[in-house]
Peer 1: 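What follows is a structure written as structure tokens; I'll ask about it next.
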Number of protein chains: 4
Amino acid sequence: MNRDSGNGPGVQPLRERVRRATRAAILEAAEAVFSARGFGAARMEEIAEQAGVAVGTLYNYFDDRSALLLAVLEESARELEERLGDPALLAEGPFVQQLERFFAKVLEHQQAHFRLFAILVQEELEQGRLPARPVRRPALLKPMHRLAEQLVASGVRQGALRAEDADLYPTFLVAMLRGLFTRQLCARGAPPEVAEAPRLARFFLHGAGGHR
Amino acid sequence: MNRDSGNGPGVQPLRERVRRATRAAILEAAEAVFSARGFGAARMEEIAEQAGVAVGTLYNYFDDRSALLLAVLEESARELEERLGDPALLAEGPFVQQLERFFAKVLEHQQAHFRLFAILVQEELEQGRLPARPVRRPALLKPMHRLAEQLVASGVRQGALRAEDADLYPTFLVAMLRGLFTRQLCARGAPPEVAEAPRLARFFLHGAGGHR
Amino acid sequence: MNRDSGNGPGVQPLRERVRRATRAAILEAAEAVFSARGFGAARMEEIAEQAGVAVGTLYNYFDDRSALLLAVLEESARELEERLGDPALLAEGPFVQQLERFFAKVLEHQQAHFRLFAILVQEELEQGRLPARPVRRPALLKPMHRLAEQLVASGVRQGALRAEDADLYPTFLVAMLRGLFTRQLCARGAPPEVAEAPRLARFFLHGAGGHR
Amino acid sequence: MNRDSGNGPGVQPLRERVRRATRAAILEAAEAVFSARGFGAARMEEIAEQAGVAVGTLYNYFDDRSALLLAVLEESARELEERLGDPALLAEGPFVQQLERFFAKVLEHQQAHFRLFAILVQEELEQGRLPARPVRRPALLKPMHRLAEQLVASGVRQGALRAEDADLYPTFLVAMLRGLFTRQLCARGAPPEVAEAPRLARFFLHGAGGHR
DNA sequence: CATGAATGAGGGTTCATTCAT
DNA sequence: AATGAATGAACCCTCATTCAT
């Protein structure tokens with residue numbers, strides 16, 4: 001409004017900022033609706049309503065429903081990756097602390113996005129489907145799996161983990177997180193506390209067996 | 001009354017046999033299609049085709065799409081329950097063997113119904129949704145959870161399991177099975193081998209920690 | 001059973017009697033269901049159930065749904081005609097008595113078949129429709145109209161009725177019966193009493209005007 | 001704010017006008033199709049065709065088939081009420097003139113909407129049915145009945161009508177109109193002329209009896 | 001660009017009719 | 001001739017997508 005109110009380089013940023021804000025509002029609304037209804041049952045109209053725009057506007061930002069879905073998933077995956085990308089995570093200290101930090105990070109993310117996380121968990125299995133219209137799904141929990149693998153490799157290198165079943169450990173790391181998440185969500189409607197991280201680590205390292 | 005024996009108890013059983021066969025064919029086709037497409041995307045027409053009947057026939061056996069879905073789920077739950085109902089499972093021997101038998105039984109079931117099992121796992125999370133039209137879903141994996149709880153309780157009683165995190169153990173038992181299942185299904189398109197049971201048991205009892 | 005129990009002229013009547021009984025049962029059931037649901041909403045299966053036969057059997061007696069409907073209507077028309085065919089109706093006595101007997105007869109019929117009568121009344125208007133599949137409907141209330149016309153003609157001949165609006169009188173005779181019927185049915189769920197006949201006759205002869 | 005006058009209050013009214021026009025087109029088409037086919041046999045597709053819109057559009061304006069039907073009926077009832085709401089109808093002059101005006105008004109309405117009027121008449125009886133899914137129908141001919149009752153009450157007060165059968169008079173007023181209507185429609189495919197009003201009034205006041 | 005009404009293919013469901021037993 | 005399961009055309013309705021304003 002101050003200067004460059006014409007067509008100069010000052011207007012473009014304004015337009016650009018509005019565009020970004022609209023896009024963000026749509027993505028947020030889409031996440032909310034996908035989370036509440038599930039991917040299959042989420043309707044474009046409800047997303048538009050929630051975002052405060054007209055349905056047509058959705059199509060100005062995303063090619064179609066699939067693209068919107070994909071964008072939501074990618075956005076979430078990107079955010080999880082960011083959270084887990086902290087190099088300090090693996091860097092230092094005894095293995096048990098690395099492990100606890102890993103669990104804590106994922107639990108934090110579950111807290112922040114637990115509804116959508118539920119969908120991600122669910123959708124992981126959707127991979128095996130023959131879709132009516134084939135749809136590319138990103139590997140959503142890939143960052144988590146990748147980090148789990150790095151963690152296990154690191155643990156084995158340090159001699160903190162036995163090597164014999166090492167192929168299963170990443171799977172179990174993720175499975176425990178998912179299992180706890182599902183249990184809490186079904187039982188209390190809320191994701192697990194970050195404070196559960198040490199118990200997860202203890203089980204992962206020593207199992208449930210009695211003789212310690 | 002006697003002469004009717006070729007007409008009463010002779011003909012009726014035929015009709016009845018055909019009915020049962022048709023019903024079974026529909027359920028099987030429905031399981032296949034629900035598994036391949038997911039619950040939301042399964043179309044009645046495809047189920048009918050797969051079953052080798054007309055669409056209308058589906059409605060002679062099941063009230064509507066929901067009822068068919070429910071019947072498939074109940075059938076599967078019933079079968080899993082049957083499989084896990086074997087009292088020998090918990091009865092005798094050292095705890096590690098009980099544990100291995102439990103894992104083996106569930107892995108067997110996954111082998112038999114792996115496609116549908118994928119859906120069951122997926123649907124467990126569907127519980128938290130706000131459905132458009134509310135739908136009663138049976139607690140499909142309940143039998144598995146229940147048995148896991150019994151197993152843990154038994155292990156704690158025998159001193160084979162530490163009591164401190166016992167509230168988490170059933171969740172982890174199931175989560176490990178689910179995690180392994182998902183990994184195999186995504187990686188190879190096939191469920192895990194029953195032979196994995198001892199490795200599952202080992203991890204559950206001793207964890208991944210290195211000092212044995 | 002006594003003689004001719006073979007293939008002779010004694011067996012045919014038995015078969016014939018059974019056929020007639022079945023046919024009658026179907027017609028009765030059809031009347032009931034048509035009356036309860038309306039012609040459009042009456043389903044063949046419900047008719048079969050009510051008649052105590054299988055659906056297929058309906059088609060052994062009637063070509064299709066339309067034919068069954070037609071048969072019900074014709075049956076009812078025949079019965080009304082029979083009731084109104086009594087020659088004593090027009091034969092003797094002062095006109096007002098003829099009139100009262102006419103009203104009483106129709107009211108009787110309404111009592112006996114009031115549900116179906118409601119349909120007949122309703123269907124009279126269906127004539128003007130463009131049917132999806134053209135269907136021949138019999139002139140169901142024709143007997144009633146015909147008798148009304150005879151009655152009016154007789155009244156005019158006797159000098160009991162003014163001639164000037166005589167073309168309208170049969171219409172009004174029937175309309176009054178129908179109006180009373182509809183009113184009672186809607187208000188009380190029951191057809192009018194036969195005892196209303198004199199009031200109908202009085203209105204028809206003298207109108208509602210005050211100066212007598 | 002001022003410049004928007006081509007965009008705010010200028011564009012909105014356009015959309016609004018189009019909406020109203022579309023809604024009106026749908027209602028008109030629906031009246032035509034309901035009238036031509038009857039309520040049960042009217043198909044949404046035909047209504048859409050007749051209105052020049054797609055099927056989906058019908059559902060942008062009305063919740064479902066029932067709601068559309070209801071809207072048509074209410075619209076018609078509203079219009080009849082408007083037509084009969086003229087206070088001059090009962091206000092002045094000798095009773096016979098009030099009566100003739102009443103008949104004339106209803107005959108006018110029959111002229112304007114004779115097809116739908118046929119349905120209204122028919123549907124009045126539908127009330128007594130056990131519907132598959134219960135459906136609220138508005139009291140469509142209520143305005144006509146109500147006015148008939150007022151007219152009779154007024155006539156009795158003025159001493160123009162005998163009080164003894166006054167409970168039947170409104171029924172007969174309506175019945176005569178309906179009877180005449182049905183007769184003309186069946187016989188000529190057209191509703192009765194407004195010019196019939198005096199004959200209706202004469203019969204209502206004096207009946208058909210000969211001695212004047 | 002935003003808007004939101006129009007579109008119409010697609011899916012669930014019903015039910016008159018057929019036909020093998 | 002009776003049976004009743006199978007059939008599939010026909011209908012209502014949904015909702016992703018388009019496009020004129």
Peer 1: Could you check whether B/Ala48 gets within reach of a base, just the sugar-phosphate, or nothing at all, counting any heavy atom under 4.0 Å?
Peer 2: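 Nothing, no heavy atom under 4.0 Å.
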Peer 1: If you draw the axis of the six-membered ring of D/Tyr61, does the NZ or CZ of D/Arg19 fall within 45° of it and under 6.0 Å from the ring centre?
Peer 2: yes
Peer 1: Is the count of non-hydrogen atoms from other residues, nucleotides or ligands lying under 6.0 Å from C/Glu46 atom CD greater than 12?
Peer 2: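 Atom CD in C/Glu46 is packed in, count exceeds 12.
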Peer 1: Tell me whether B/Arg20 is salt-bridged to B/Glu16, with the criterion being a basic N under 4.0 Å from an acidic carboxylate O.
Peer 2: yes
Peer 1: At under 4.0 Å, does any side-chain N or O of C/Asn60 touch on OP1 or OP2 of F/dA2?
Peer 2: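 For C/Asn60, the contact criterion (side-chain N or O under 4.0 Å from OP1 or OP2 of F/dA2) is met.
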Peer 1: Are the side chain of B/Arg65 and the backbone of B/Ala42 linked by a donor-acceptor contact shorter than 3.5 Å?
Peer 2: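 A pair under 3.5 Å: yes.
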Peer 1: Give a yes or no answer on whether the side chain of B/Thr22 reaches the backbone of B/Val18 with a donor-acceptor pair at less than 3.5 Å.
Peer 2: yes
Peer 1: Which nucleotide in the list E/dA5, E/dG8, F/dA2 gets nearest to the side chain of C/Thr57?
Peer 2: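 Side chain of C/Thr57 sits closest to F/dA2.
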Peer 1: Just how far, in rounded Å, is C1' of F/dC13 from CZ of B/Arg65?
Peer 2: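 Rounded to whole Å, this separation is 15 Å.
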Peer 1: Take atom CG of D/Asp64 and atom C1' of E/dG12, then tell me their distance rounded to the nearest Å.
Peer 2: 16 Å
Peer 1: What's D/Ala51 touching, base or sugar-phosphate or nothing? Going by heavy atoms closer than 4.0 Å.
Peer 2: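 Nothing, no heavy atom under 4.0 Å.
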Peer 1: Would you kindly give the CD-to-P distance between D/Glu45 and F/dA9, to the nearest whole Å?
Peer 2: 16 Å
Peer 1: Hey, does B/Val55 reach any base, or is it just sugar-phosphate, or nothing, if we go heavy atoms under 4.0 Å?
Peer 2: base
Peer 1: Heavy-atom nearest nucleotide on DNA chain F for A/Gly56 versus C/Gly56: which residue maps closer to 5'?
Peer 2: C/Gly56
Peer 1: From CZ of B/Arg17 over to P of E/dT21, roughly how many Å is that when rounded to an integer?
Peer 2: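 The distance from CZ of B/Arg17 to P of E/dT21 comes to 13 Å, rounded to the nearest Å.
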Peer 1: Could you tell me the separation between the CG atom of D/Asp63 and the P atom of F/dC15, rounded to a whole number of Å?
Peer 2: 13 Å
Peer 1: Nearest whole angstrom, please: distance from the P of E/dA6 to the OH of D/Tyr61.
Peer 2: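 Going from D/Tyr61 (OH) to E/dA6 (P), I get 3 Å.
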Peer 1: What is the distance from CG of B/Leu58 to P of E/dG12, rounded to the nearest Å?
Peer 2: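 In whole Å, E/dG12 P lies 10 Å from B/Leu58 CG.
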Peer 1: Given E/dA6, is OP1 or OP2 found less than 4.0 Å from the side-chain N or O atoms of D/Thr22?
Peer 2: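 So the side chain of D/Thr22 is within the cut-off, an N or O lying under 4.0 Å from OP1 or OP2 of E/dA6.
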Peer 1: What's C/Ala41 touching, base or sugar-phosphate or nothing? Going by heavy atoms closer than 4.0 Å.
Peer 2: nothing
Peer 1: Taking the side chain from B/Ser35 and the backbone from B/Glu31, do they hold a donor-acceptor pair closer than 3.5 Å?
Peer 2: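 Checking the backbone N and O of B/Glu31 against the side chain of B/Ser35, a donor-acceptor pair under 3.5 Å is found.
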Peer 1: Describe the nucleic acid contact of C/Val53 in one word from base, sugar-phosphate, nothing, applying a heavy-atom distance below 4.0 Å.
Peer 2: sugar-phosphate
Peer 1: Among F/dT7, F/dT21, E/dT7, find the nucleotide with the atom closest to the side chain of D/Arg15.
Peer 2: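 Nearest nucleotide to the side chain: F/dT21.
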Peer 1: With a 4.0 Å cutoff (strictly under), does any side-chain N or O of A/Tyr59 reach OP1 or OP2 of F/dT17?
Peer 2: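 Result: yes.
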Peer 1: Within this structure, what is the CZ-to-P distance between D/Arg43 and F/dC13, rounded to whole angstrom?
Peer 2: 14 Å
Peer 1: With both distances under 3.5 Å as the test, what is the Watson-Crick or G-U wobble partner of F/dA6?
Peer 2: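 Partner of F/dA6: E/dT17.
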Peer 1: Hey, which of these two, A/Val18 or B/Ala42, hits DNA chain E nearer its 5' end, going by closest nucleotide?
Peer 2: A/Val18
